[in-house]
Amino acid sequence: MSSDTTTAQEALTFADLGLSPKVLSAVTDAGYTEPTPIQAGAIPHALLGKDVLGIAQTGTGKTASFVLPMLTRLEKGRARARMPRTLILEPTRELAAQVEENFVKYGKNHKLNIALLIGGVSFDEQDKKLERGADVLIATPGRLLDHRERGKLLLNGVEILVIDEADRMLDMGFIPDIERICEMIPFTRQTLFFSATMPPEITKLTEKFLHAPVRVEVSKAASAATNITQRLVKSGSKPWDKRETLRNLIRAEDAELKNAIIFCNRKIEVSELFRSLLKYDFDAGALHGDMDQRARMQMLANFRDGKLRYLVASDVAARGLDIPDVSHVFNYDVPIHAEDYVHRIGRTGRAGRSGKSFTIATKSDTKYIDAIERLIGTKIEWHDGDLSTVVASEGEDEAPRRGKGAPRRAGRKDDSKDRGERKPRDRHAKRSEEVAPEAVRDEQPVVAEAAVADIGERRARKESIRSENTERKVSSDRNEQRAPERGDTRPQRDNNRPARHRQEDNDGTVGFGDDMPAFMRIVAKV
DNA sequence: AAAAAAG
């Protein structure tokens, strides 16, 4: 008992917080006895009806810190049609769905009507639930406003308002929507406000919409046990180089790797990398915001349940999603904004476990790496030599490095306008090693049957895939135009929706300012 | 150089 920093406070149990018996029994059934710091700090105040400003990372038990007191307070009274009693705003659909799951789990002894209003699914069922009278309304801002404009929703009966992940809402340009929504709700309400960081815009928002809030800040305590080993991994800059680097990395980590999220910067890369990994027999799923909503949910569920070992994702998965026990995070791309790096690697090393993160870096990434290292205040160690030792491919043109004798294309200017055709470069890549996405899907079952034992066998199979692929080329090109299917990971929406108002950063604050999450201070010792 | 959220 030397460096043990445990204090008497931590002996606190849920029973000490003032929660109702119904809620307590559900918490006990879920296997919890001791509240996390944010729960211990926020729940008593929330139960007294006070406004709460919670500053906490995800993975700190933040969701239960508002769900549990809300359930207790909801035991008195009942909802009227189209007039929800409580409203929880979430930045993404997945987060909203996750909060709903928490209400179901901890509200199992209650008879509450819960309505989830998110985009990507039909209005009908949501309308019915509103009509029936919702005790708990969980929503993303767009769909909520949509319902309101259609006259299906009155917000003047809301007693408790929760704004979750406020800093992320800011990043996503939701703040004007949030302000609009706040103004629709009577000021007699109780407001519970959560944010991982407190940039100036968020502080302004709290000053405007919170009344004498109790401030609960827990980043330090909650992340004290966090331990993430971070490494940079050099790679050539071509897609096939990076994919190969990633595969080698994954194989090398195999023994320690329980499951991993692989982050890409772009949706199209998520889709392409996902198919490539499937082709190489990795047990992968994909997640990005333009996928069909059912596919999104399905992928996430499968990954959570351990049916998928790898999840290739855009930054939709970088924050907030509760995916316990991720052993590894791979950054297939260096994130352009340093804050995103912090959120991505924060998907591992949660709840006191150790985690590993690898960031694949190419020569053109150095300035982003510099920015990340500046933000986290540490140099990140190179996994296997830095970029000066990378096999040169920068000066080379697009000819595939291993595709022996692949003839150079005559007209290689890429004239294919984004959507219809794949780029010529991809066809080259396909010939050497990669495969057109459609063909990958087609042949996936064939590949899956074979046992994957050794590299030699892989090589052999790769050969057969390659030839199979050329045969299939004609038909897969024809398939290019086909309507998207369920489970299709290709981006499906056009990004030509009117751009929403974006909050501009104008005060010169970089990154987290003074509010750098504590877990960033615990980095791999170099 | 991106992603996310309304249809």
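Chain letters run A, B, ... following the sequence lines, proteins first and then strands; every chain starts at 1. Note that these values count all heavy atoms, side chains included, but never hydrogens, waters or copies made by symmetry.
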- prompt: Rounded to whole angstrom units, what separation is found between the CG atom of A:L89 and the P atom of B:dA5?
  reply: 14 Å

field: Contact under 4.0 Å: A:R296 side-chain N or O vs B:dA5 OP1/OP2
entry: yes

Separation of B:dA3 P from A:F263 CZ (nearest whole Å): 14 Å

query: What is the distance, rounded to the nearest whole Å, between atom CZ of A:R93 and atom P of B:dA5?
result: 5 Å

- request: Please tell me if the side chains of A:R150 and A:F123 come closer than 4.5 Å, counting only heavy atoms from C-beta onward.
  value: yes

- request: Starting at atom CG of A:D171, determine the distance to atom P of B:dA2, rounded to an integer number of angstrom.
  value: 16 Å

message: Between C1' on B:dA2 and CZ on A:R168, what's the gap in Å once rounded to a whole number?
response: 13 Å

- request: Would you check if A:L232 and A:D386 make a side-chain contact, meaning some heavy-atom pair closer than 4.5 Å?
  value: no

- prompt: With sugar-phosphate meaning primed atoms plus P, OP1 and OP2, does A:D340 contact a base, only sugar-phosphate, or nothing at under 4.0 Å between heavy atoms?
  reply: base

statement: To the nearest angstrom, the OH-C1' distance between A:Y341 and B:dA1 comes to 19 Å

query: Closest to the A:N265 side chain: B:dA4, B:dA2, B:dA5?
result: B:dA2

Donor on one side chain, acceptor on other, A:E373 and A:Y341, under 3.5 Å: no

query: Looking at B:dA5, B:dA1, B:dA2, which one has an atom nearest to any side-chain atom of A:K367?
result: B:dA1

- prompt: To the nearest angstrom, how far is A:I118 atom CD1 from B:dA4 atom P?
  reply: 14 Å

- prompt: Between A:K356 and A:I228, is any pair of side-chain heavy atoms under 4.5 Å apart?
  reply: no

message: Is it the case that the base of B:dA2 and the side chain of A:H337 share a donor-acceptor contact (distance under 3.5 Å, atom types as modelled)?
response: yes

message: As a test of reading the structure: which of B:dA4, B:dA6, B:dA1 is closest to the side chain of A:T140, going by heavy atoms?
response: B:dA6

- request: For A:P91, report the nucleic acid contact type (base, sugar-phosphate, nothing); a contact means any heavy atom under 4.0 Å.
  value: sugar-phosphate

message: Nearest whole Å is fine: how far is B:dA2 P from A:I372 CD1?
response: 17 Å

- prompt: Which word best sums up how the rings of A:F330 and A:F358 line up, parallel for under 30°, tilted for 30 to 60°, or perpendicular for over 60°?
  reply: parallel

